[in-house]
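For the numbers below, each heavy atom of this structure counts, side chains included, while hydrogens, waters and symmetry mates do not. All residue numbers refer to positions in the sequence shown, counting from 1.
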Amino acid sequence: FDKVKHYTNAFIRQNGKILLGYKKRGFGLGLYNGFGGKVEPGETSAQAAVRELEEEAGITAPLRRCGSLFFILQGLEAAFCIEIFVAEEYEGTIIETDEMGPEWFSDGSDPSSDLPPIPLKQMWADDEFWMPMFLNNRMFVGRGDFSEDGKMLKYWFGEQIL
Ligand code: 6U4
Ligand code: NA
Ligand code: NA
């Protein structure tokens, strides 16, 4: 059968701000994203999300799942399943790590914010499709099919009916 790798991706949203990390190494190098990584054997995705946020940004947070994404990348033997998590509060001090440079952006809800807007041009191509649902506090699901050179050839994203 085919194979899938499970990942997490976690965001902190607070007072009109959203915390992103500039990826300094590995997969997605040079892009802004939430904090996350591979789900380890024996771990739930929620546990992995908390662990990865602490490893990559130095903070802990009461993360809850708000979306699920599925990606197929041509040329890779495994598909990606990425669970998206969010929290409005966190504990600890945000630190830069070997993997991520944390930065706050405006989430668009406060027009008088001095922070830069979410840098969608410097994020994965799928993010612009689900970020509006995420910012509206909707649960969402989606799929993207990427070519070997990173273009999103086909996609579908939708929000949960309440
Ligand atoms: P660790 O465990 O951190 O070594 P690693 O395999 O290095 O794991 P990493 O940091 O490369 O994981 O994880 C990739 C991160 O990028 C995860 O947070 C998921 C996220 N990601 C991958 N493809 C994405 C996509 N198309 N859209 C998106 N996030 C994506 O928004
Ligand atoms: Na990671
Ligand atoms: Na890891």
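- Counting only heavy atoms from C-beta outward, the side chains of Met139 and Arg65 approach each other to under 4.5 Å.
- Screening Leu135, Ile84, Leu19 against Phe11 for a side chain to side chain contact (heavy atoms under 4.5 Å, CB included) leaves a single residue, Ile84.
- There is a path of hydrophobic side-chain contacts, each under 4.5 Å, that joins Met100 to Leu115.
- Note that OG1 of Thr97 is 6.0 Å distant from CD of Glu56, once rounded to the nearest 0.5 Å.
- By the side-chain contact (heavy atoms from CB on, under 4.5 Å) test, Ala61 is found to be paired with Ile12, Leu53, Leu63, Ala87, Tyr90, residues two or more places apart in sequence or in another chain being considered.
- Within the 4.5 Å cutoff, the side chain of Asp98 has heavy atoms near those of the Arg25 side chain.
- The cluster map of Ile, Leu, Val, Met, Phe, Trp and Tyr, joined by side-chain heavy atoms under 4.5 Å apart, puts Tyr7 and Val86 in the same cluster.
- Take Glu43 and apply the side-chain hydrogen bond (donor to acceptor under 3.5 Å, both in side chains) test, not counting sequence neighbours, and it matches Arg51.
- Linking ILVMFWY side-chain heavy atoms closer than 4.5 Å, directly or via other members, places Tyr155 and Leu120 in a single hydrophobic cluster.
- Placement of Trp104 and Ile95 in two distinct hydrophobic clusters is found when ILVMFWY residues are connected by side-chain heavy-atom separations under 4.5 Å, directly or transitively.
- Annotation: salt bridge (Lys or Arg N to Asp or Glu O under 4.0 Å) contacts of Lys17 (sequence neighbours excluded): none.
- Evaluation of the side-chain contact (heavy atoms from CB on, under 4.5 Å) rule for Glu54 yields Thr60 as partners, not counting sequence neighbours.
- With sequence neighbours left out, the salt bridge (Lys or Arg N to Asp or Glu O under 4.0 Å) criterion links Glu96 to Lys24.
- Asp2 CG: 12 or fewer foreign heavy atoms inside a 6.0 Å radius.
- No donor-acceptor pair under 3.5 Å is formed between the side chain of Asp145 and the backbone N or O of Leu153.
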(message) side chain to side chain contact (heavy atoms under 4.5 Å, CB included) for Glu52 and Val39? Distances and angles first, verdict last.
(response) CA-CA 9 Å; Glu52 289 279 350; Val39 179; over 6 Å; no
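- Applying the ring-ring contact (aromatic ring centres under 6.0 Å, His included) rule to Phe27 yields the partners Phe80, Trp124; only residues at least two apart in sequence or on another chain are considered.
- A distance of 12.5 Å separates CG in Leu69 from CZ in Phe129, rounded to the nearest 0.5 Å.
- The stretch residues 33-79 participates, sequence neighbours left out, in these ring-ring contact (aromatic ring centres under 6.0 Å, His included) pairs: Phe71-Phe146.
- With a 4.5 Å cut-off on side-chain heavy atoms, His6 and Lys38 do not count as touching.
- Evaluation of the ring-ring contact (aromatic ring centres under 6.0 Å, His included) rule for Phe105 yields Tyr32 as partners, not counting sequence neighbours.
- Looking at every heavy atom in both residues, Ile72 comes nearest to Ala79 through CG1-CB, 4.1 Å.
- By the criterion of side-chain heavy atoms lying less than 4.5 angstrom apart, applied directly or through intervening Ile, Leu, Val, Met, Phe, Trp or Tyr residues, Leu31 is grouped together with Ile82 in one hydrophobic cluster.
- At least one side-chain heavy atom of Met123 sits less than 4.5 Å from a side-chain heavy atom of Leu20.
- The shortest side-chain heavy-atom distance between Ile18 and Arg13 falls under the 4.5 Å cut-off.
- For residues 109-138, every residue pair satisfying the salt bridge (Lys or Arg N to Asp or Glu O under 4.0 Å) rule, not counting sequence neighbours, is listed here: Arg138-Glu159.
- Contact check for Ile59 versus Pro102: no side-chain heavy atoms found under the 4.5 Å cut-off.
- With sequence neighbours excluded, the residues that form a side-chain hydrogen bond (donor to acceptor under 3.5 Å, both in side chains) with Ser109 are Asp107.
- Atom CG of Asn15 is separated from atom CD of Glu89 by 11.0 Å, given to the nearest 0.5 angstrom.
- Under the side-chain contact (heavy atoms from CB on, under 4.5 Å) criterion, Asp149 pairs with Ser147, Lys151, sequence neighbours left out.
- Each side chain to side chain donor-acceptor pair (under 3.5 Å) pair with one or both residues in residues 71-88, not counting sequence neighbours, appears once here: Arg64-Glu88, Ser68-Glu83.
- Side-chain N or O atoms of Glu40 include none that pairs as donor or acceptor with a backbone N or O of Ala48 at under 3.5 Å.
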